[in-house]
Amino acid sequence: MKLTVLATRAGVTLPAGAEAQITGFAIDNRKVAPGTVFGAFQGARVNGEDFIPAAIAAGAVAIVARPAAVVSGAIHIAADNPRQTFARLAAQFFTPVPDTIVAVTGTNGKTSVAEMTRQIWRMAGHRAASIGTLGVTTSDESVSTGLTTPDIVTFLANMSGLAREGVTHVAYEASSHGLSQYRNEGLRVVAGAFTNLSRDHLDYHADMEDYFAAKMRLFGEVVDADGTAVVWADDEWSDKAITHARQRGLAVLTAGERADAEGLRLVSRTPGQLGQVLEIEWAGTVRKVNLPLIGAYQTANALVAAGLVLASGGDAAQVFDALGRLQPVRGRLERAAISRSGTPVYVDYAHTPDALEAAIAALRPHCAGRLIVVFGAGGDRDQGKRPEMGRVAALQADLGIVTDDNPRSEDSATIRAMILAGGDGALREVGDRRAAIAAAIAEAGRDDIVLIAGKGHEQGQIVGAGAEMRVLPFDDVTVARECAA
Ligand SMILES: CC(=O)N[C@H]1[C@@H](OP(=O)(O)OP(=O)(O)OC[C@H]2O[C@@H](n3ccc(=O)[nH]c3=O)[C@H](O)[C@@H]2O)O[C@H](CO)[C@@H](O)[C@@H]1O[C@H](C)C(=O)N[C@@H](C)C(=O)N[C@H](CCC(=O)O)C(=O)O
Ligand SMILES: Nc1ncnc2c1ncn2[C@@H]1O[C@H](COP(=O)(O)OP(=O)(O)OP(=O)(O)O)[C@@H](O)[C@H]1O
Ligand SMILES: N[C@H](CCC[C@H](N)C(=O)O)C(=O)O
Ligand SMILES: [Mg+2]
């Protein structure tokens with residue numbers, strides 16, 4: 001495809017007389033082939049501009065980079081925001097894409113909402129997919145990409161690949177990293193959702209306002225100008241999110257107890273043994289839904305997913321019917337085993353203080369005895385959340401066992417000590433994750449519940465970094481079953 005054609009469609013200005021035949025796009029010089037457009041970005045670790053000569057040597061014909069970058073031997077597409085310009089150009093190359101695309105952001109619940117949205121569409125007869133932490137998921141398979149929001153080239157290539165397979169509806173997860181690095185851009189997004197905001201990633205974002213601002217790029221720029229913002233109304237940050245959406249001129253669909261008259265209002269929620277009964281008001285009618293999932297947080301996610309489907313043209317009767325048939329999302333309050341002494345053992349992906357509190361609260365109504373939590377915190381991630389997670393476990397659980405998550409480059413004992421410091425002496429420490437899970441299960445009786453938090457669906461434990469990095473096979477669900485047997 002000709003570069004001038006891509007640039008015209010993307011509204012990108014090229015240097016006078018520039019033309020080339022484009023065969024692909026890359027942001028890593030090691031993936032450049034002859035005819036590639038290379039995006040040279042200043043990163044958190046290294047400066048992509050240092051790889052421009054190597055990219056040109058490998059055959060790059062055009063480089064998207066800051067005006068100040070030095071480019072010789074290829075077309076320099078100079079841009080003040082190279083990531084955005086690169087995304088716009090690439091989006092013209094990776095076509096066609098599915099007709100109906102929606103996105104979800106928020107600290108917790110993105111994966112669950114994206115997955116539930118996909119399920120609701122599928123039950124309505126659409127070919128649907130979700131892209132996020134679980135990978136690219138269709139009715140047939142789930143293929144992991146390694147990151148929640150893949151890099152822009154993988155993301156766009158996945159989108160056009162799905163369209164070629166006949167997928168018409170996609171829900172994707174927009175992490176704050178992804179949003180601030182323009183990892184998903186250039187597509188028509190008909191609706192975007194905001195679930196909630198609480199402490200996470202303060203290693204990457206300067207403070208909560210900065211973190212929130214990164215998320216609000218979704219409403220400010222990514223969702224189409226005539227699209228809809230779906231907002232969970234019962235969060236502290238909801239009103240601010242609604243204000244952002246209205247300022248941009250988006251339609252707003254609220255969900256929750258505090259939803260407005262045009263929204264999905266949660267009238268009542270009654271927890272049961274295996275699920276919960278919801279009364280939801282929509283368009284003046286109150287409907288009853290038997291949600292087959294436990295936990296207040298899954299009600300929130302299900303309603304946000306319903307909002308995304310309604311906002312993108314879904315039929316209300318089908319949506320409410322589908323809510324009653326939702327399948328659990330992998331690693332989100334997944335019941336992994338029942339131990340020999342009769343203790344249910346749950347695996348959940350809670351890895352923030354707020355999520356840990358939500359997961360414990362979800363299980364509390366089902367627990368006549370003690371609630372025992374096994375958890376840790378990832379290395380090379382926000383350190384400030386560690387004592388807060390310790391405090392939540394010490395206060396909300398009956399026994400908290402602090403163990404290793406993914407230590408990455410950090411010393412695991414130091415990470416545990418930071419968590420323990422928040423627990424004020426109330427927490428126990430068992431570093432080895434398998435031993436910690438075994439200890440919790442051995443200790444629990446038939447009225448107790450064990451919650452293993454932090455790794456959810458993950459299949460390995462990441463130890464070390466760089467050349468030393470190893471992923472040791474580890475699956476909480478499998479280990480729970482082995483220890484329960
Ligand atoms: C901090 C962060 O988000 N880093 C991501 C980001 O890096 P960056 O742009 O800062 O890149 P960099 O490594 O400094 O390199 C700069 C540029 O040089 C290029 N390069 C680099 C080396 C080389 O030899 N050649 C080359 O061309 C790189 O491709 C890049 O374009 O872009 C890279 C390419 O897309 C990502 O792999 C990398 O993810 C790292 C591995 C990561 O751990 N990210 C996590 C924190 C993350 O993004 N997590 C969120 C989840 C959050 C949530 O759900 O709560 C996610 O969306 O997955
Ligand atoms: N709406 C919610 N409110 C509070 N906590 C939630 C909510 N939804 C999920 N959680 C908690 O957060 C955990 C992760 O859920 P999920 O994977 O859906 O979120 P996510 O936003 O995709 O996370 P990540 O940032 O890792 O991609 C769950 O296992 C649960 O403990
Ligand atoms: N998407 C989240 C996942 C955290 C999962 C937890 N197990 C950890 O490794 O910290 C992150 O990258 O921060
Ligand atoms: Mg996720």
Side-chain angles (χ1 to χ4, degrees), residues 26-32 36 38-55 58 60 63-65 82-83 86 104-115 130-135 144-155 172-184 195 198-205 211 214-215 301 329-332 348-352 355 375-383 385-386 389 403-410 415 433 452-463 465-466 469 471 474 476:
I27 63 166
D28 186 316
N29 72 285
R30 292 161 293 192
K31 294 189 179 156
V32 168
T36 302
F38 177 65
F41 312 141
Q42 294 180 294
R45 222 170 30 90
V46 294
N47 184 357
E49 294 167 355
D50 296 342
F51 304 103
I52 293 174
I63 311 290
V64 183
R83 289 181 194 262
F86 179 86
V104 53
T105 197
T107 302
N108 295 309
K110 299 179 295 294
T111 297
S112 306
V113 170
E115 239 319 276
S130 67
I131 301 182
T133 313
L134 299 177
S144 172
T145 60
L147 286 173
T148 286
T149 318
D151 70 85
I152 179 73
V153 178
T154 309
F155 177 75
Y172 76 83
E173 197 173 329
S175 68
S176 58
H177 291 85
L179 284 164
S180 60
Q181 294 165 20
Y182 296 80
R183 286 190 218 154
N184 26 49
T195 56
S198 64
R199 178 174 193 129
D200 200 7
H201 302 310
L202 292 190
D203 50 330
Y204 183 77
H205 302 285
Y211 177 36
K215 297 224 172 270
N301 298 335
V329 180
R330 182 87 174 75
R332 276 64 182 169
D348 188 74
Y349 198 43
H351 52 77
T352 67
F375 72 107
D380 301 339
R381 294 287 186 273
D382 186 5
Q383 302 196 350
K385 73 179 176 184
R386 296 171 189 171
M389 291 175 75
T403 189
D404 291 341
D405 191 293
N406 293 312
R408 301 196 175 86
S409 75
E410 289 191 60
I415 300 177
R433 196 168 177 93
I452 306 167
K455 292 179 62 63
H457 63 283
E458 290 176 2
Q459 293 296 300
Q461 204 169 18
I462 309 170
V463 181
M469 201 260 280
V471 182
F474 200 100
D476 280 353

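Order of listing sets the numbers, starting from 1, for every ligand and every atom in it. For clarity, every value in this text was computed on a predicted model and none was experimentally measured.
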Can a protein heavy atom be found under 4.0 Å away from [atom]?
atom                    : answer
atom 40 (C) of ligand 1 : no
atom 33 (C) of ligand 1 : no
atom 26 (C) of ligand 1 : yes

With the Mg ion (ligand 4) at the apex, how many degrees lie between OG1 of Thr111 and OG1 of Thr133, rounded to 10 degrees?
->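 Vertex at the Mg ion (ligand 4): approximately 90°.
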Is the closest side-chain donor-acceptor distance between Tyr349 and Ser112 under 3.5 Å?
-> no
Which pair of heavy atoms, one from [X] and one from [Y], lies closest together, and at what distance?
X      : Y      : value
Glu115 : Ser130 : OE2-OG, 2.9 Å
Ile415 : Ala377 : CG2-O, 3.5 Å
Pro82  : Val64  : O-CG1, 3.6 Å
Gly376 : Asp405 : C-CB, 4.0 Å
Ala214 : Ser180 : CB-CB, 4.3 Å

May I ask you to check if ligand 1 and [X] share an N or O to N or O distance below 3.5 Å?
X      : result
His351 : no
Ile27  : yes
Asp151 : no
Gln181 : yes
Asn47  : no
Phe51  : no
Asn29  : yes
Gln42  : no
Ala44  : yes

Give the numbers and elements of all ligand 1 atoms closer than 4.0 Å to a heavy atom of [X].
X      : answer
Phe41  : 16 (C), 17 (C), 31 (O)
Ser175 : 50 (C), 52 (C), 54 (O), 56 (C), 57 (O)
Arg30  : 22 (C), 23 (C), 24 (O), 25 (N)
Arg83  : 9 (O)

Answer with side chain, backbone, both or neither: which part of His177 has a heavy atom less than 4.0 angstrom from an atom of ligand 1?
->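 For His177, the contact with ligand 1 is made by the side chain alone.
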Between Glu49 and ligand 1, find which residue part has any heavy-atom pair under 4.0 Å and reply side chain, backbone, both or neither.
-> neither
Got the closest protein heavy atom to atom 58 (O) of ligand 1, with its distance?
->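 It is Thr148 N, 2.7 Å.
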Look at atom 5 (C) of ligand 3 and say which protein heavy atom is nearest, naming residue and atom and giving the distance to 0.1 Å.
->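 For this ligand atom, the closest protein heavy atom is Glu458 OE2, 3.4 Å.
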Looking only at N, O or S atoms, find the one in Glu173 nearest to the Mg ion (ligand 4) and name it.
->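 Closest N, O or S atom of Glu173 to the Mg ion (ligand 4): OE2.
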Do Ile462 and Asp380 come within less than 4.5 Å of each other through their side chains, counting heavy atoms only?
-> no
Between Phe41 and Ile27, is any pair of side-chain heavy atoms under 4.5 Å apart?
->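 Yes, side chains in contact.
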Is the shortest distance from a Lys or Arg side-chain nitrogen in Glu410 or Arg386 to a carboxylate oxygen in the other one below 4.0 Å?
-> yes
Within the distance-only criterion (no hydrogens, no angle test), does the side chain of Thr195 pair as donor or acceptor with the backbone N or O of Asn108 below 3.5 angstrom?
->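 Checking the backbone N and O of Asn108 against the side chain of Thr195, a donor-acceptor pair under 3.5 Å is found.
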Calculate, to the nearest 0.5 Å, the distance between atoms NZ and OG belonging to Lys385 and Ser198 respectively.
->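 One gets 9.5 Å once the value is rounded to the nearest 0.5 Å.
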The side-chain hydrogen bond (donor to acceptor under 3.5 Å, both in side chains) partner of Asn406 among Gln461, Lys455, Arg381 is Lys455
Below 2.8 Å, any N, O or S contact between Ser175 and the Mg ion (ligand 4)?
->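 False for Ser175.
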Looking at the Mg ion (ligand 4), is one of the N, O or S atoms of Tyr349 less than 2.8 Å from it?
->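 For Tyr349, the answer is no, given that no N, O or S atom comes within less than 2.8 Å of the Mg ion (ligand 4).
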Quick one: does His177 get a heavy atom under 4.0 Å from ligand 3?
-> no
What do you reckon, are the aromatic ring centroids of Tyr172 and Phe155 less than 6.0 Å apart?
-> yes
